[in-house]
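Worksheet: one structure, shown below.
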Amino acid sequence: MKYSVEYRRKMPSGEIRWFAATAVLIEDSAEEIVNAFIYSRDIDTKMKRRIARNQIVDADVEDITIINIAHKTCQGIEQK
């Protein structure tokens, strides 16, 4: 079995970032125990893009761009 959850985490710097945690459960019937392997990954950019895309309600929009003033970056979002 596999379980996943997306959540926000406050970093030591005070920044809030999105993460995904996944738990993989493996049953050991001989020992009658269940082992859980848990890992998490940073999905902050992916979630911010998803949120931005969902905020746009005009279907005629051709381009979406996220501009991060603090980091001086500009990223286009592919529409699906």
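No hydrogens, no waters, no symmetry mates; every other heavy atom, side chains included, goes into these values.
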Can you name the salt bridge (charged side-chain N to carboxylate O under 4.0 Å, His left out) partners of [X], sequence neighbours left out?
{"X": "Lys46", "answer": "none"}
{"X": "Arg17", "answer": "Glu15, Asp42, Asp44"}
{"X": "Glu6", "answer": "Arg50"}

Among all residues two or more places apart in sequence or in another chain, which pass the side chain to side chain contact (heavy atoms under 4.5 Å, CB included) test with [X]?
{"X": "Ile69", "result": "Ile67"}
{"X": "Gln75", "result": "Thr45, Arg49"}
{"X": "Ala23", "result": "Ile38"}

(message) For Ser40 versus Tyr7, what's the shortest heavy-atom pair and its separation?
(response)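 In this case the closest contact between Ser40 and Tyr7 is CB-OH, 4.0 Å.
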(request) Could you tell me which residues satisfy side chain to side chain donor-acceptor pair (under 3.5 Å) with Thr22, sequence neighbours excluded, listed by chain and number? (result)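 With sequence neighbours excluded, Thr22 shows a side chain to side chain donor-acceptor pair (under 3.5 Å) to Ser4, given in chain and number order.
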(message) Checking Tyr3 now: which residues fulfil side chain to side chain donor-acceptor pair (under 3.5 Å) with it, not counting sequence neighbours?
(response)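 Checked Tyr3 against side chain to side chain donor-acceptor pair (under 3.5 Å); zero matches.
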(request) Report the hydrophobic cluster partners of Ile51, with the cluster defined as I, L, V, M, F, W, Y residues connected by side-chain heavy atoms closer than 4.5 angstrom, directly or transitively. (result)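 The other cluster members (ILVMFWY side chains, heavy atoms under 4.5 Å, direct or chained) are Trp18, Ile43, Met47.
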(request) Measure the spacing between CD1 of Ile26 and CE of Met1 and express it to the nearest 0.5 Å. (result)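 That separation rounds to 12.5 Å.
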(message) Would you say that more than 12 heavy atoms from the other residues, nucleotides or ligands in this model lie under 6.0 Å from the CE of Met11, or not?
(response)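 More than 12 within 6.0 Å, yes.
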